[in-house]
Amino acid sequence: MEKSCTLLVHFDKGTPAIANEIKEALEGNDVPAKIDALKKAIMLLLNGETIPQLFITIVRYVVPSEDHTIQRLLLLYFEIIEKTDSKGTVLREMILICQNLLNNLNHPNEYIRGVTLRFLCRLKETEVIEPLIPAVLLNLEHRHPFVRRNAVLAVMSIYKLPQGEQLLDNAPDLIEKLISTEQDPSAKRNAFLMLFTSAQERAVNYLFTHIDRINDWGEQLQMVVLELIRKVCRANKGEKGKYIKIIISLLTAPSAAVVYECAGTLVSLSSAPTAIRAAANTYCQLLLSQSDNNVKLIVLDRLNELKTSHREIMVEMIMDVLRALSSPNLDIRRKTIDIALELITPRNIDEVVLLLKKEVMKTQGGELEKNGEYRQMLVQAIHSCAIKFPEVASTVVHLLMDFLGDSNVASAIDVVVFVREIIETNPKLRISIVTRLLDTFYQIRAARVCSCALWIIGEYCLSLAEVESGIATIKQCLGELPFYTPTEEGESQDTSKTPQQANSMTVSSRRPAILADGTYATQSAASETAMSPPMLAQGSLASVGNLRSLIVAGDFFLGAVVACTLAKLVLRLEEVQPSKVEVNKASSQALLIMTSMLQLGQSSFLPHPIDNDSYDRIVLCIRLLCNTGDDARKIWLQSCRQSFVKMLADKQFREAEEIKAKAQITHAQPDDLIDFYHLKSRKGMSQLELEDEVHDDLKRATGEFVKDGDDANKLNRILQLTGFSDPVYAEAYVTVHHYDIVLDVTVINRTKETLQNLCLELATMGDLKLVERPQNYTLAPESSKQIRANIKVSSTETGVIFGNIVYETSNVFERNVIVLNDIHIDIMDYISPATCADVAFRTMWAEFEWENKVAVNTVIQDEKGFLSHIIKSTNMKCLTPTSALEGECGFLAANLYAKSIFGEDALVNVSIEKQVDGKLSGYIRIRSKTQGIALSLGDKITLKQKGAA
């Protein structure tokens with residue numbers, strides 16, 4: 001049988017020590033050799049070896065030693081050796097240990113006394129302890145605090161033993177007397193802990209007797225006081241008012257640990273606004289005063305919990321919470337912003353946005369390498385603020401537009417998406433945004449940002465001046481046409497053959513030339529420039545002529561967007577420009593640009609030709625400008641905007657639905673007791689106690705005290721481990737809580753015999769680890785036993801727990817084995833629905849290396865019904881909006897997303913098609929960073945889709 005262990009030491013099994021060598025070293029007179037040999041003996045014992053012959057050698061040759069290290073190691077040796085026989089009777093040779101311990105307890109050296117007293121705390125054999133009790137009690141009055149504090153712990157451990165109250169019946173009296181005169185903080189703390197665990201009423205009396213001096217007590221004692229308060233208040237809620245006053249007084253303690261515990265205790269015991277406000281203030285102060293990032297993250301978690309249960313109080317603290325943005329850590333900043341965004345109200349929105357604007361401006365300095373990510377975070381925060389409170393958009397939109405040319409592409413995309421939404425939802429800002437966008441367009445360096453900005457220009461340039469300015473801006477960024485000349489093409493072919501030679505060519509004063517680094521320049525004085533090979537032109541960007549650089553680099557999707565924008569602007573120019581000559585001039589220039597892009601795309605100047613989609617799109621724009629009809633004009637100038645408005649409305653609707661879903665719906669039972677505040681007796685109650693009572697009544701009235709966990713739900717989690725006909729019946733209740741799985745196993749002896757050495761042996765498969773060693777039990781006839789097993793989980797993976805029950809009966813000496821049913825730990829317990837932006841989803845999809853492809857095999861014939869079934873089965877969230885899934889086309893594609901408790905991302909793409917015979921076909925692709933989650937989700941989907949009816 002495995003024994004409980006109080007000592008763990010690393011042991012290198014590569015060089016095992018031989019018992020004879022250890023024995024020789026222990027018998028010698030060399031002190032360092034003895035120490036080394038004793039250490040080896042301890043490590044062998046810890047690793048399951050039995051060396052019975054060493055005991056007498058140690059007693060004869062090692063115990064008499066005066067060396068402190070040897071004496072300390074001796075205590076460790078005595079701690080781990082077997083002190084009882086198979087029947088539980090103490091071995092006779094333990095009398096020799098007794099004498100040594102008694103000598104140590106009366107030793108003139110304080111260290112020897114102290115470590116021996118500490119050793120007694122781990123000793124469970126009453127036969128060994130009983131003769132030592134008088135010496136232990138004498139040490140309570142020793143002059144040195146190190147001895148006294150360990151003597152108190154020894155008394156507490158002895159008193160806790162099964163026969164402890166008989167061995168030390170007056171222990172509480174002795175400790176109560178000691179604590180009143182003790183000056184050492186550690187000894188005082190240990191004495192109070194002894195009273196707290198063994199004589200709670202005496203601890204409470206001592207606390208209230210010295211209530212005025214609590215703030216002067218040491219940190220350790222204050223922590224035990226808080227523990228006592230929590231325990232007392234849980235048992236007797238009616239008395240918590242007087243204890244809350246003690247907690248509030250401890251909030252001014254100098255120790256950060258005490259203050260943190262005070263705030264946590266206050267929140268757990270009271271719902272009064274005064275108490276919650278005090279706790280929130282404390283957390284905010286800790287957030288600023290503590291330099292450790294882990295502490296800040298923990299405190300932010302506590303504030304997040306307060307925000308959920310006491311939002312109205314946390315709203316007042318929003319600016320204090322936002323001061324945590326001064327930390328350079330991105331995780332802290334992200335968590336701080338997430339908390340703040342849910343506390344925004346019309347009262348504080350201006351202050352919050354002003355602070356966020358200042359933070360954005362700070363990121364312009366290049367001191368920190370993650371400024372780009374932080375700026376993106378701030379832009380998203382300001383975006384959500386502006387959506388909730390449109391009136392603040394005007395104060396931030398122009399500042400953010402300075403970052404359209406940001407080198408961090410993700411941040412720039414967030415800015416341009418924000419601008420696109422604001423220009424639609426705030427018509428008053430349209431003119432100023434369009435003007436600013438046209439002025440700063442040349443600074444944009446990313447193709448995706450350019451595409452979005454061009455769409456804004458095409459949709460929102462409405463007046464004659466704006467349309468003309470829009471066309472002029474695009475022409476300026478495209479540069480002079482054509483994009484290349486046929487002679488250049490020939491020369492570029494030559495240079496590709498002989499890359500070392502730089503062919504020179506004469507250019508006109510206004511013609512843009514491609515420089516050696518791949519950028520272009522418009523020459524005004526130089527008449528000659530070196531042509532580099534066309535391959536060098538790819539991916540290069542210039543501060544001026546950004547569109548030209550990107551298109552020449554081969555981005556023809558952007559070229560198609562340019563063509564569409566020019567087509568819209570020319571169509572709108574026809575409506576606002578009275579002069580037909582100007583309209584025709586603009587139209588011909590637009591056609592020239594489009595044809596030049598097609599010519600560039602089909603030439604051998606670029607290594608990759610234009611793609612078919614972009615080619616068709618540009619050709620469509622050319623046909624539109626050559627032959628404009630009313631229907632086409634309506635589609636291009638009105639329908640696009642209407643689609644965008646519909647998309648925004650759909651987004652707002654989905655957000656509103658999510659908020660409704662998150663809102664807690666609580667119900668009060670008809671027969672619940674409700675106290676009336678005005679009829680309450682207020683005699684002797686402080687304002688805080690009154691507030692607390694009122695809030696408790698409100699919670700009771702609104703059903704907040706009603707727990708969601710129904711008994712029926714609990715019954716679903718009970719698993720039968722053995723059969724009804726087995727001599728031992730066992731069932732397990734499985735609780736999955738984040739990183740832990742707790743199995744509460746009920747074992748029932750169904751026989752008429754006593755079962756001895758009954759042991760529940762478990763093993764695991766997957767990333768599951770058993771925490772505790774199994775223990776042996778004796779089970780009386782027809783009696784039951786509750787056995788708890790803890791299992792640690794280290795990753796999101798379907799795990800299996802299997803095992804058996806082993807026992808002996810009095811008649812048969814053979815061991816009986818009952819094999820248990822396997823317990824499958826479901827991956828659904830670890831993952832929860834989550835949301836992420838489409839951009840982030842695509843980025844992760846490209847980066848994640850593990851993919852599991854599951855073929856669709858189901859009896860469900862409706863595409864949406866199958867998607868709903870998969871979402872329900874996998875506990876994931878559909879990122880594809882409902883509007884995109886509307887209609888009947890026989891095909892459906894959707895993205896699903898979930899996050900595990902370990903921070904792992906699970907991405908799923910469902911692509912299904914309805915066949916002629918009505919059956920669904922297609923694939924479900926799962927991607928993740930780790931193999932476990934991809935395989936486990938795939939198995940889950942395969943299992944569930946087959947079983948669907």
Side-chain angles (χ1 to χ4, degrees), residues 215 218-219 222-223 226 244 247-268 270 272-345 347-365 367-371 373-382 384-385:
N215 287 338
E219 175 187 342
Q222 288 175 343
M223 294 289 271
L226 289 170
I244 287 173
I247 300 169
I248 288 178
S249 71
L250 281 175
L251 284 174
T252 57
S255 165
V258 172
V259 169
Y260 174 78
E261 284 297 323
C262 278
T265 308
L266 209 51
V267 172
S268 65
S270 175
T274 309
I276 300 301
R277 200 171 284 113
N281 264 319
T282 303
Y283 285 140
C284 289
Q285 286 165 12
L286 286 172
L287 205 54
L288 294 173
S289 62
Q290 298 304 303
S291 56
D292 190 322
N293 287 341
N294 292 319
V295 173
K296 286 177 185 272
L297 287 168
I298 291 167
V299 170
L300 283 168
D301 282 337
R302 299 292 82 76
L303 285 168
N304 197 28
E305 289 167 11
L306 278 183
K307 176 205 73 186
T308 309
S309 52
H310 303 281
R311 186 180 181 275
E312 66 286 347
I313 291 169
M314 284 301 297
V315 164
E316 303 167 17
M317 315 294 298
I318 186 168
M319 297 313 292
D320 293 318
V321 174
L322 281 170
R323 287 164 73 185
L325 291 176
S326 57
S327 168
N329 184 281
L330 274 183
D331 291 328
I332 292 170
R333 286 171 161 175
R334 186 178 290 110
K335 201 168 269 193
T336 303
I337 289 172
D338 289 344
I339 292 170
L341 287 179
E342 293 187 36
L343 298 175
I344 293 171
T345 63
R347 279 186 173 186
N348 59 31
I349 182 67
D350 292 329
E351 277 185 287
V352 172
V353 169
L354 184 63
L355 188 139
L356 293 175
K357 275 170 65 179
K358 286 178 182 175
E359 289 295 317
V360 169
M361 291 166 78
K362 283 180 192 175
T363 61
Q364 287 179 293
E367 300 89 29
L368 296 172
E369 57 183 42
K370 292 191 175 178
N371 266 352
E373 287 180 57
Y374 181 40
R375 190 183 307 123
Q376 183 186 355
M377 218 184 290
L378 290 167
V379 169
Q380 289 169 349
I382 292 172
S384 61
C385 288

Rounded to the nearest 0.5 Å, what's the gap from [atom1] on [X] to [atom2] on [Y]? Could you check?
X: Cys262; Y: Met223; atom1: SG; atom2: CE; answer: 9.0 Å
X: Asn294; Y: Ile332; atom1: CG; atom2: CD1; answer: 8.0 Å
X: Thr274; Y: Ile248; atom1: OG1; atom2: CD1; answer: 7.5 Å
X: Leu303; Y: His310; atom1: CG; atom2: NE2; answer: 12.5 Å
X: Ile318; Y: Glu342; atom1: CD1; atom2: CD; answer: 10.5 Å
X: Leu287; Y: Leu297; atom1: CG; atom2: CG; answer: 9.5 Å

What is the minimum heavy-atom distance between [X] and [Y], and which atoms define it?
X: Leu341; Y: Ala381; result: CD2-O, 3.7 Å
X: Ala275; Y: Leu266; result: O-CD2, 3.4 Å
X: Tyr283; Y: Val299; result: O-CG1, 3.2 Å
X: Leu378; Y: Thr363; result: CD1-CG2, 4.1 Å
X: Ala263; Y: Ala279; result: O-CB, 3.8 Å
X: Ala253; Y: Val259; result: O-CG2, 3.3 Å

If only atom types and distance count, is the side chain of [X] paired as donor or acceptor with the main-chain N or O of [Y] below 3.5 Å?
X: Ser327; Y: Ala324; answer: no
X: Lys296; Y: Gln290; answer: yes
X: Arg333; Y: Leu325; answer: yes
X: Asn293; Y: Asp331; answer: no

Between [X] and [Y], is any pair of side-chain heavy atoms under 4.5 Å apart?
X: Glu359; Y: Leu355; answer: yes
X: Leu343; Y: Met317; answer: no
X: Val295; Y: Tyr260; answer: no
X: Leu354; Y: Asp350; answer: no
X: Leu306; Y: Ile313; answer: no
X: Asp320; Y: Leu288; answer: no
X: Ile276; Y: Met314; answer: no

Could you tell me which residues satisfy salt bridge (Lys or Arg N to Asp or Glu O under 4.0 Å) with [X], sequence neighbours excluded, listed by chain and number?
X: Arg311; value: none
X: Glu316; value: Arg277
X: Asp338; value: none

Run the side chain to side chain contact (heavy atoms under 4.5 Å, CB included) test against Asn304 and tell me which residues pass, sequence neighbours left out.
Lys307, Ile339
Determine which pairs satisfy salt bridge (charged side-chain N to carboxylate O under 4.0 Å, His left out) with at least one residue from residues 280-289, sequence neighbours left out, and list them in order.
none
Residues two or more places apart in sequence or in another chain: which of them pass side-chain hydrogen bond (donor to acceptor under 3.5 Å, both in side chains) with Thr265?
Arg230
Evaluate Leu286 against Arg302 for side chain to side chain contact (heavy atoms under 4.5 Å, CB included), listing each step before the verdict.
CA-CA 11 Å; Leu286 286 172; Arg302 299 292 82 76; over 6 Å; no
